[in-house]
Amino acid sequence: MTDRTTLPGFLAGALVGALVTAPAIAVCYLGQQLAGLPFVPFDVFDAVARALPGAVVTFGIDALVAGIRALGLGEVSEVAKVAEQLLAIGGMFVAGVLAGAALFGVLRRWRPTSGLAAGLALGVLVGVPAVVIGAAVNRTATAGPIASALWVLLLFLGWGAALGWAYDRLAAAAVRAATAPTAVAEPIDRRTFVIRLGGAAAVITVVGAGVGAWLATVRERERARARGRPWSATHALPNADAEVRPVPGTRPELTPVEDHYRIDINTRPPVIDEGEWRLRFGGRVERPTEWTLEALRSRYAPLHQFVTLSCISNPVGGDLIGTQRWTGVPLRRILEEVRPLPGATHLRIRSADDFHEVLPIADAMADERILLTYAWDGLPLPAEHGFPLRLYIPDRYGMKQPKWIETIEAIDGDEAGYWVRRGWDAEARMHATSVIDVVGVDMMVIQADRGTRIPIGGIAHAGARGISRVEVRVDGGPWQPARLRAPLSDTTWVLWVFDWPFQPGAHTFTVRCFEGDGTPQEARRAPVRPAGATGLHGKDVMV
């Protein structure tokens, strides 16, 4: 009888788990790119993120943003989204390693007649919850629900079968070694099997991930070509003739769509078919109604508004902020058609990804700028920015403004939205903020009557409240006025310029702004949670 200690155990199971799980993930990714099937790691990650307590989620967000900024890894929202996706893939890989170790440990302890049967049972045990999770959270698969469920179940059955088959092969090698005349044959046989398994796993992983990535790149290029030319490519900005010119190095006045920050609750944006999509408006209204996207575009005169939007997680001086030209329908026009009933006080706005927010009806009726938006820069919203419809509310951080909107309900009371339930501020009103983007040490301005000066530039923003002035302080000295460029609109940032009389050495520059009514920017430093960061921005420069 074979000694149990010679059978493959936890360590062998962990190794085989790694060799089987990696190609399974690659095949899953290839299936997504080839046939629009679910990608399980992202579904599981999204489900876990929705289920975790708000304090845990926001701690993770804060830590991620802080780490990206500290390491200088690039634009925060883009890097953060990649990090989320890597965490999702890494989480499934680790889970697969642990599952392999557990399966081999159980089989070694109980020694059933078939490891393959046990592996298939494990595949069912893991695959069924994965199917349920995908059905609940997946909004990216274009394959039908039955095909998606079968795909996930078969994927995990294959994964489990591979684990069980590998155990049977390794256990058989152990039996042969125990009964063979020489003990040398056993480790050679095991080693050969593991090497071959590793080689096959590497090929499948590289081919699956490589082909999937190539398909994703091709499709992204096709989408970019299909979108056409943006409005800004053929039109001058409304302040093109403004006297004050931005300092080179200041962030673009109009943020290119592809560079605009994106923060949401999904590893990937929901994929929505315009032909099937409807905006459904119901609840406590006289006339429940639904609209196609084409109806929203054609039945109502569009409103165009240049808007600066910021994330409530944006630290002082951060890049989670951008300015775009928004086009859509004032929500007030829709309310006039559906006619809320007496007693209806708020609108519950729900997105395809189950994000939700609540807006007072009185606010929507009072401000035409509250916009159901379907275009940025003259083109349909990209999927990652909310296609087909998103909301704009002046003076509020992005957490209050749903994307991928599907339903609006009139309700008879207030309730907490998605992020408010998780501990963020219920009002989420944008704080006045000013930022130094550039100290032009390489762009000295020499003026005979004023000496050598260095241009300093940046942005100032106060939601929809406007900016009346910006001031700069050097090395703790007196505050001095900067020149303001005319803004794109009353809901965008203002670019400012300060010409500093050059003095060699190390210097500290600090900026502050004042709202349109003269209210000063909050100088007290506060973290992003729960109501947005405050404090003055500065730069230390050697010139």
Side-chain angles (χ1 to χ4, degrees), residues 75-78 230-242 244-264 302-328 369-371 373-382 384-386 390-401 403 428-438 457-467 470 482 484-497 511 513 515-516 521 532-533 537:
E75 196 274 321
V76 170
S77 66
E78 181 178 351
W231 175 90
S232 60
T234 56
H235 295 77
L237 295 178
N239 63 347
D241 297 328
V244 176
R245 313 303 295 177
V247 177
T250 305
R251 66 193 74 191
E253 195 161 27
L254 184 73
T255 309
V257 172
E258 62 273 16
D259 294 336
H260 200 287
Y261 86 91
R262 169 202 165 195
I263 296 291
D264 51 60
L303 178 66
H304 309 290
Q305 179 78 16
F306 288 93
V307 169
T308 293
L309 186 68
S310 179
C311 179
I312 199 168
S313 293
N314 196 35
V316 174
D319 58 11
L320 298 178
I321 185 171
T323 297
Q324 249 304 319
R325 181 180 182 264
W326 299 51
T327 299
R369 297 173 303 177
I370 295 179
L371 203 63
T373 303
Y374 49 74
W376 269 10
D377 205 3
L379 297 175
L381 289 167
E384 62 269 24
H385 289 294
R390 66 180 296 169
L391 184 67
Y392 167 62
I393 307 173
D395 224 26
R396 296 296 184 268
Y397 284 112
M399 61 161 274
K400 300 289 286 185
Q401 315 200 32
K403 298 180 278 189
R429 186 171 184 258
M430 283 184 172
H431 294 296
T433 184
S434 52
V435 180
I436 300 172
D437 280 338
V438 59
I459 62 164
H461 182 239
R465 306 185 302 278
I467 296 293
V470 172
L484 304 185
R485 177 172 168 83
L488 294 174
S489 78
D490 60 0
T491 51
T492 68
W493 54 29
V494 174
L495 274 58
W496 57 265
V497 176
V511 64
C513 67
E515 297 180 16
Q521 172 183 349
H537 186 247

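Small disclaimer: the values here were computed from a predicted structure and weren't measured.
When all heavy atoms are compared, the tightest approach of Asn314 to Ala533 is O-CB, 3.8 Å. The two residues Pro394 and Ile370 come nearest to each other via the heavy atoms CD-CG1, 3.8 Å. Pro302 and Tyr374 get closest at one heavy-atom pair: CB-OH, 3.5 Å. The two residues Leu254 and Gln324 have their closest heavy-atom pair at CD1-CA, 3.7 Å. For the pair His431 and Tyr397, the tightest heavy-atom approach, listed with the atom from each and the gap, is N-OH, 3.1 Å. Residues Asp395 and Ala462 share a closest heavy-atom pair of OD1-O, 3.6 Å.
Checked for salt-bridge contact, Arg369 and Asp490 meet the test: a charged N lies under 4.0 Å from a carboxylate O. For the pair Arg465 and Glu515, the salt-bridge criterion is met [side-chain N within less than 4.0 Å of a carboxylate O].
With values rounded to the nearest 0.5 angstrom, Gln521 atom CD is found 3.5 Å from Ser434 atom OG. For the atom pair Glu258 CD and Glu384 CD, the distance stands at 9.5 Å (nearest 0.5 Å). Rounded to the nearest 0.5 angstrom, Thr433 OG1 and Ile467 CD1 are separated by 8.5 Å. Once rounded to the nearest 0.5 Å, the distance linking CH2 of Trp326 with OG of Ser489 reads 12.0 Å. Interatomic distance, CE of Met399 versus CG of Asp264, reported as 14.0 Å (0.5 Å rounding). Here the SG atom belonging to Cys311 is positioned 5.0 Å from the CD1 atom belonging to Ile263, to the nearest 0.5 angstrom.
Here the side chain of Arg245 pairs a donor or acceptor atom with the backbone of Ala242 at under 3.5 angstrom. Put simply, the side chain of Asp319 gets close to the backbone of Val76: a donor and an acceptor are under 3.5 Å apart. The backbone N or O of Ile393 lies less than 3.5 Å from a partner atom in the side chain of Gln401, making a donor-acceptor pair.
Counting heavy atoms from C-beta outward, Thr323 and His461 have side chains that stay 4.5 Å or more apart. With contacts defined as side-chain heavy-atom distances shorter than 4.5 Å, the pair Trp493/Thr255 qualifies. Using a 4.5 Å heavy-atom cutoff, the side chains of Met430 and Arg396 are not in contact. Annotation: side chain of Pro246 is in contact with side chain of Arg485 (closest heavy-atom distance under 4.5 Å). A 4.5 Å side-chain heavy-atom check between Pro382 and Val257 finds at least one atom pair inside the cut-off. Side-chain contact between Asp437 and Ile459 is present, with heavy atoms from C-beta onward closer than 4.5 Å. Using a 4.5 Å heavy-atom cutoff, the side chains of Lys403 and Leu381 are not in contact. Using a 4.5 Å heavy-atom cutoff, the side chains of Ile436 and Trp496 are in contact.
Side-chain contact check for Thr308 and Thr492: no donor-acceptor pair (N or O, by modelled atom type) lies under 3.5 Å. In this structure, a donor-acceptor pair under 3.5 Å is present between the side chains of Thr327 and His304.
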Please evaluate residues Phe306 and Trp231 with respect to the criterion ring-ring contact (aromatic ring centres under 6.0 Å, His included), reporting the C-alpha separation (whole Å), side-chain torsions for both, the decisive distance (0.1 Å), and the verdict. CA-CA 12 Å; Phe306 288 93; Trp231 175 90; 5.8 Å; yes
Under the side-chain contact (heavy atoms from CB on, under 4.5 Å) criterion, do Leu484 and Val470 qualify, and how do the steps go? CA-CA 7 Å; Leu484 304 185; Val470 172; 3.5 Å; yes
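Screening Val307, Val494, Asn239 for a side-chain contact (heavy atoms from CB on, under 4.5 Å) involving Leu488 leaves a single residue, Asn239.
Around atom CD of Glu78, no more than 12 heavy atoms belonging to other residues, nucleotides or ligands sit under 6.0 Å away.
Using a 30° and 60° split on the angle between ring planes, His260 and His385 fall in the perpendicular class, above 60°.
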